[in-house]
Amino acid sequence: MTTISESARAAIVKEFQRMDADGEGAVDLTDFLRAPRRLLTALDIPEDAPKAQALIRANETQWAFFLSLGDANGDGKLTSDEYVTARTSPEFRSPDRPGKGEVCQTLFAVLDSDDDGTISQEEFLRAADFLCMPPTEASSYFAKLDSDGDERLSAAEFLKAVKRFYTS
């Protein structure tokens, strides 16, 4: 495991706790898929829609990789410590990590409800709850992400935001 600051560890533990909705102290695939499924429901996207299926598959790939990095006892679940181990491993930061680009691309496609290749502020705000942000904070964050000021997030701007989220 990579040495990280206490604040970085606390942020990863908080991320884990959001996934551990039943509070049992471990996250399994059902827990891991709860957030993308909740987002699909919030956006009124049926789970059998192609965009939804792509998002679920990408998250399943990412989950399998998390297990390969942190599931010390092979039970198909991650405890908080195992999740921190997975998230802070050098392999997690690898550009070749399975599912890394897929999750970002499929999430972008899901948020781009009008399929114009960008995410408007309205589309972004519809997902604010999923992003664990109050609407006012999400509006402010959107403005920071919109580096060219066109009131839309390109795929590149969105990817930059996701990278910032996972490395801050």
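Along the sequence shown, residues carry numbers from 1.
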> Can you check whether K51 reaches T106 side chain to side chain, under 4.5 Å on heavy atoms?
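Heavy-atom side-chain distance check fails, nothing below 4.5 Å.
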> Of all the heavy-atom pairs spanning P46 and A52, show the shortest one and how long it is.
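Smallest heavy-atom distance, with atoms named: O-CB, 3.2 Å.
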> Classify the ring geometry between Y141 and F124 as parallel (under 30°), tilted (30 to 60°) or perpendicular (over 60°).
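Aromatic pair Y141/F124 classed tilted.
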> If hydrophobic clusters are built from ILVMFWY residues whose side chains come within less than 4.5 Å, do L107 and I119 share one?
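Yes: a chain of side-chain contacts under 4.5 Å links L107 to I119.
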> Enter the distance from L69:CG to F66:CZ here, rounded to the nearest 0.5 Å.
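That separation rounds to 8.0 Å.
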> Is there a path from F142 to L111 through hydrophobic residues (I, L, V, M, F, W, Y) whose side chains come within less than 4.5 Å of each other?
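Yes, F142 and L111 fall within the same hydrophobic cluster.
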> Compare all side-chain heavy atoms of E47 with those of Q53 and state whether any distance is below 4.5 angstrom.
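E47 vs Q53: side chains touch.
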> What is the distance from atom CG of L29 to atom CG of L78, rounded to the nearest 0.5 Å?
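L29 atom CG to L78 atom CG measures 10.5 Å (nearest 0.5 Å).
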> Are the side chains of E102 and R57 in touch, meaning some heavy atoms are under 4.5 Å apart?
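Sidechains of R57 and E102: no contact.
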> Answer whether the closest heavy-atom distance between the side chains of D146 and L153 falls below 4.5 Å.
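Answer yes - side chains close enough.
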> Is V84 linked to W63 within one hydrophobic cluster, defined over Ile, Leu, Val, Met, Phe, Trp and Tyr using a side-chain heavy-atom separation of less than 4.5 Å?
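The answer is yes; both residues are in one hydrophobic cluster.
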> Rounded to the nearest 0.5 Å, how far does CG of L43 lie from CZ of R38?
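Rounded to the nearest 0.5 Å, the CZ-CG separation comes out at 11.0 Å.
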> Using 4.0 Å as the upper bound for N to carboxylate O, is an ion pair formed by E15 and R87?
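Here R87 pairs with E15 in a salt bridge, since their nearest N and O are under 4.0 Å apart.
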> Verify, without hydrogens or angle tests, whether E82 (side chain) and T79 (backbone) share a donor-acceptor contact under 3.5 angstrom.
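Yes, E82 side chain to T79 backbone: donor-acceptor pair under 3.5 Å.
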> How close do L55 and P36 get, heavy atom to heavy atom, and via which atoms?
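Looks like CD2-CB, 3.9 Å.
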> For the CG atom of L33 and the CE atom of M19, what is their distance to the nearest 0.5 Å?
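Those atoms lie 11.0 Å apart.
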> Quick one, I12 and I4 - any side-chain contact, counting heavy atoms below 4.5 Å?
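Yes, their side chains come closer than 4.5 Å.
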> State, to 0.1 Å, how close A26 and D20 come at their nearest heavy-atom pair, and which atoms those are.
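So the two residues come closest at O-OD1, 3.2 Å.
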> Who pairs with D28 by salt bridge (Lys or Arg N to Asp or Glu O under 4.0 Å), at least two apart in sequence or on another chain?
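So D28 forms no salt bridge (Lys or Arg N to Asp or Glu O under 4.0 Å) with any residue.
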> Would the distance check show the side chain of D71 and the main-chain N or O of G76 forming a donor-acceptor pair, the cut-off being under 3.5 Å?
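The answer is yes, because a donor-acceptor pair under 3.5 Å joins these two groups.
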> Are any of the side-chain heavy atoms of D114 and E123 separated by less than 4.5 Å?
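Sidechains of E123 and D114: in contact.
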> Specify the closest pair of heavy atoms between V13 and S80, including all atoms of both residues, with the distance to one decimal.
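Shortest heavy-atom contact: CG2-OG, 3.7 Å.
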> Kindly indicate whether the side chain of I56, heavy atoms from C-beta on, has any atom under 4.5 Å from the side chain of L40.
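Result yes, sub-4.5 Å side-chain heavy-atom pair found.
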> Would you compute the distance between atom CZ of F32 and atom OH of Y83 and round it to the nearest 0.5 angstrom?
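F32 CZ to Y83 OH: 6.0 Å, rounded to 0.5 Å.
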> Is there a donor-acceptor pair under 3.5 Å between the side chain of D112 and the backbone N or O of G117?
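It does hold such a pair.
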> A side-chain contact here means heavy atoms from C-beta on lying under 4.5 Å apart; do R126 and S113 qualify?
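Heavy-atom side-chain distance check passes, below 4.5 Å.
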> Are E151 and S120 linked by a side-chain donor-acceptor pair shorter than 3.5 Å?
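Absent: no donor and acceptor within the cut-off.
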> Please find out if less than 6.0 Å separates the ring center of F65 from that of F92.
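Distance test on ring centres: not under 6.0 Å, no.
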> How far apart are the C-alpha atoms of D81 and R9, what are their side-chain angles, what is the distance that settles it, and do they pass the salt bridge (charged side-chain N to carboxylate O under 4.0 Å, His left out) test?
CA-CA 10 Å; D81 287 341; R9 180 180 172 69; 2.9 Å; yes
> So, the side chain of E137 versus the backbone of P134: is there a donor-acceptor pair under 3.5 Å, distance only?
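No, E137 side chain to P134 backbone: no donor-acceptor pair under 3.5 Å.
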> The criterion is salt bridge (Lys or Arg N to Asp or Glu O under 4.0 Å); which residues satisfy it with D44, sequence neighbours excluded?
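Checked D44 against salt bridge (Lys or Arg N to Asp or Glu O under 4.0 Å); zero matches.
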> Mind checking what makes salt bridge (Lys or Arg N to Asp or Glu O under 4.0 Å) contact with D116, not counting sequence neighbours?
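Result, salt bridge (Lys or Arg N to Asp or Glu O under 4.0 Å) vs D116: R152.
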